[in-house]
Protein chains: 2
Amino acid sequence: MASDTDTLPRRTVSPDLTASRPASRYEQVKHYITERIASGEWGVGSRLPSENELVETLGVSRMTVHRALRELMGEGIVTRAQGVGTFVARPAPRAEVLELRDIADDIQAGGGRHRSRVVLLETIRADGHLALAFDQRPGVKLFHSVLIHYEDDTPLQIEERFVSPHFAPDYLDQDFATTHPHRYLFQISPPHEVEHVIFAVTPEADQQALLELDGPEACLQLVRRTWVDGRVVMRGVFTYPGSRYSFGGRRQT
Amino acid sequence: MASDTDTLPRRTVSPDLTASRPASRYEQVKHYITERIASGEWGVGSRLPSENELVETLGVSRMTVHRALRELMGEGIVTRAQGVGTFVARPAPRAEVLELRDIADDIQAGGGRHRSRVVLLETIRADGHLALAFDQRPGVKLFHSVLIHYEDDTPLQIEERFVSPHFAPDYLDQDFATTHPHRYLFQISPPHEVEHVIFAVTPEADQQALLELDGPEACLQLVRRTWVDGRVVMRGVFTYPGSRYSFGGRRQT
DNA sequence: ACTCTAGGTAAGTCTATACAACCCCATCAA
DNA sequence: TTGATGGGGTTGTATAGACTTACCTAGAGT
């Protein structure tokens with residue numbers, strides 16, 4: 001067990017390709033720790049070796065270990081309590097609140113496999129409520145798409161979008177098996193303004209079926225409107241099973 | 001000009017209200033620097049005294065000065081270049097997204113009349129899950145409070161909080177009929193860091209009763225953790241009926 | 001059951017010292 | 001004019017050691 005990988009060499013020859021100069025000791029210590037956390041060897045909430053134990057294991061001074069651990073705490077990787085020890089912190093929630101991201105990136109960031117299915121792709125005429133959301137008059141033409149996003153074959157999101165034809169005239173001709181609506185719209189133009197509203201809803205029967213839910217489970221619903229040049233170009237309704245998803249965010253004040 | 005304010009005293013009396021214990025040396029050095037930047041004495045882009053000059057001026061070791069400057073660089077206050085020096089950084093604008101507000105202000109801003117009721121106020125010992133949220137070990141003592149907030153006699157929020165006794169030793173002695181937990185905690189110290197996670201849940205029977213719901217309506221649940229000095233001081237679980245509340249925000253990009 | 005206290009443990013801080021890495025600039029030679 | 005060299009100043013890293021502060025546990029006493 002006491003192999004040479006347990007102790008950092010005093011001098012690093014380091015034919016490392018990713019870093020031209022050899023990483024400093026405290027960075028090596030950080031790497032040593034994050035590697036074990038990422039591999040699951042040190043699980044969430046478990047206690048890390050004490051500073052003095054790491055000093056013995058790695059053959060560096062306590063100040064060096066201390067700096068590595070202090071920086072890891074600043075990054076939210078571990079938490080520390082004087083007189084108690086150092087612990088693996090709980091990983092951050094997967095979706096940033098009010099941030100504009102592609103769910104495919106979200107899923108892949110969490111280690112899952114993403115797949116999507118197009119349920120509907122059509123042109124509709126807006127009723128009063130929908131027209132109001134677009135600051136238009138009832139009867140205006142809008143494109144309408146419905147997709148399901150899966151994480152490892154489990155439905156994670158119903159994505160329903162209404163898109164202004166003036167903004168994306170070729171929306172219906174896209175192959176959303178390869179390009180996702182989010183990326184397509186973003187590529188035409190990043191929005192100048194975004195509005196998010198989050199609801200809790202009990203899904204309708206058809207939504208339950210699409211999400212493959214057993215019963216009327218509570219769902220998160222994120223309604224997003226985006227503006228370009230002062231005009232609403234998209235309204236999206238994203239529905240997630242409450243048991244499979246959450247929004248979160250962490251920031252310094 | 002060479003008054004005693006140029007040298008940090010060995011022991012600080014520090015009648016500071018936000019921190020009962022005297023600030024550590026490196027924090028005093030940070031304060032010394034930020035004060036001069038804030039006052040405009042050291043303008044944007046100007047060069048700070050070198051580490052060795054600060055050592056002479058302030059009477060602390062270079063490692064202490066170095067730590068202060070390194071942390072200020074991490075906070076974006078200064079920039080540093082090896083072999084060159086330390087400079088005042090350009091202040092970066094920051095966008096508030098999901099802000100920290102008191103629900104009483106929320107209700108009154110909407111024209112409603114706010115009222116609250118204390119349901120529970122006690123000391124508990126944390127189980128595994130709760131201890132993890134506080135980055136502590138199971139069995140640690142925590143204060144626990146449950147309040148209901150009403151808007152015109154309609155329940156709008158269940159407010160459940162767990163508070164670290166070390167942060168707010170007198171939490172249980174407060175009269176939350178007049179001072180709300182949010183305000184009390186904020187007055188002790190505004191958090192340095194905040195985490196929000198939003199869930200959709202189906203409420204338990206007791207929660208349904210507290211919210212005076214007719215059936216198992218989907219609810220929004222906002223879980224907030226706040227940090228002070230890198231340590232979790234509060235975990236709040238706020239439950240809203242889905243039909244009566246939503247979270248939202250709009251911003252320019 | 002509860003409170004108090006003492007001891008052990010672990011992180012937090014501070015110092016003095018040393019060396020390394022880097023930048024700038026003055027000097028000097030081709 | 002150009003290029004090389006080297007010195008001085010500045011930040012970056014690393015160490016050993018000492019002391020401080022906070023937390024927890026176990027045991028004694030109530």
Side-chain angles (χ1 to χ4, degrees), chain A residues 7-12 14 19-30 33 47-74 78-87, chain B residues 7-12 14 19-30 33 47-74 78-87 123 125-126 131 134-142 164-167 169 228-233:
Chain A
T7 307
L8 302 177
R10 283 275 152 178
R11 282 276 160 255
T12 312
S14 167
S20 56
R21 60 166 178 273
S24 50
R25 297 273 178 86
Y26 76 92
E27 282 172 331
Q28 293 179 48
V29 174
K30 285 174 72 175
I33 293 167
R47 183 173 166 180
L48 272 65
S50 74
E51 294 188 356
N52 281 321
E53 285 169 343
L54 288 170
V55 164
E56 292 216 348
T57 306
L58 302 176
V60 298
S61 80
R62 194 185 143 223
M63 287 298 292
T64 303
V65 170
H66 181 73
R67 176 168 178 186
L69 289 171
R70 198 175 60 217
E71 292 198 359
L72 288 176
M73 185 173 72
V78 303
T79 58
R80 322 192 68 194
Q82 196 171 359
V84 184
T86 304
F87 303 87
Chain B
T7 307
L8 301 178
R10 286 276 151 176
R11 280 278 159 250
T12 311
S14 166
S20 54
R21 61 169 179 273
S24 51
R25 295 270 177 89
Y26 76 91
E27 281 172 331
Q28 294 179 47
V29 175
K30 286 174 70 174
I33 294 167
R47 182 172 168 179
L48 271 64
S50 73
E51 294 188 356
N52 279 322
E53 286 169 343
L54 287 170
V55 164
E56 292 217 349
T57 307
L58 302 177
V60 299
S61 81
R62 196 189 140 220
M63 288 300 292
T64 303
V65 170
H66 181 74
R67 175 168 179 186
L69 289 170
R70 197 174 61 216
E71 294 199 357
L72 288 176
M73 185 173 68
V78 303
T79 56
R80 321 194 70 198
Q82 193 171 11
V84 184
T86 306
F87 304 86
T123 304
R125 286 195 175 269
F134 274 81
D135 298 320
Q136 301 281 342
R137 301 170 74 164
V140 68
K141 273 190 194 172
L142 293 173
S164 166
H166 305 100
F167 175 68
V228 170
D229 288 335
R231 314 165 80 129
V232 179
V233 298

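Residue numbers start from 1 in every chain, and the chains themselves are labelled A, B, ... in the order their sequence lines are given, proteins ahead of strands. Note: hydrogens, waters and symmetry copies are ignored here, and every other heavy atom, side chains too, is used. A quick note: this is a predicted structure, and the numbers were derived from the prediction, not measured.
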Closer to the 5' end of DNA chain C via nearest nucleotide, is it B:Lys141 or B:Ser61?
->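 Looking at DNA chain C, the more 5' nearest nucleotide goes with B:Lys141.
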Whole angstrom is fine here: how far is it from [atom1] in [X] over to [atom2] in [N]?
{"X": "A:Arg25", "N": "C:dA18", "atom1": "CZ", "atom2": "P", "result": "18 Å"}
{"X": "B:Leu142", "N": "D:dC24", "atom1": "CG", "atom2": "P", "result": "10 Å"}
{"X": "A:Met63", "N": "D:dA18", "atom1": "CE", "atom2": "P", "result": "15 Å"}
{"X": "B:Leu54", "N": "C:dC14", "atom1": "CG", "atom2": "P", "result": "15 Å"}
{"X": "B:Glu56", "N": "C:dA16", "atom1": "CD", "atom2": "P", "result": "13 Å"}

So do [Y] and [X] actually touch side chain to side chain, heavy atoms under 4.5 Å?
{"X": "B:Arg67", "Y": "A:Arg67", "result": "no"}
{"X": "A:Leu58", "Y": "A:Thr64", "result": "no"}
{"X": "B:Pro165", "Y": "B:Leu142", "result": "yes"}

Partner residues of A:Arg62 under the salt bridge (Lys or Arg N to Asp or Glu O under 4.0 Å) criterion, sequence neighbours left out |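 If we apply the salt bridge (Lys or Arg N to Asp or Glu O under 4.0 Å) test to A:Arg62, skipping adjacent residues, the hits are A:Glu51.
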Can you name the side-chain hydrogen bond (donor to acceptor under 3.5 Å, both in side chains) partners of B:Arg47, sequence neighbours left out?
->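 Testing B:Arg47 for side-chain hydrogen bond (donor to acceptor under 3.5 Å, both in side chains), a comparison that skips the adjacent residues, returns none.
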What distance do A:Leu72 atom CG and A:Tyr26 atom OH have between them, rounded to the nearest 0.5 Å?
->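 Answer rounded to 0.5 Å: 11.0 Å.
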Contact letters for nucleotides 5-12 of chain C, in which S counts primed atoms plus P, OP1 and OP2 and B counts the base, heavy atoms under 4.0 Å | ----BBBB
Would you indicate, yes or no, if C:dT13 has its OP1 or OP2 atom less than 4.0 angstrom from a side-chain nitrogen or oxygen of B:Thr64?
->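 For B:Thr64, the contact criterion (side-chain N or O under 4.0 Å from OP1 or OP2 of C:dT13) is not met.
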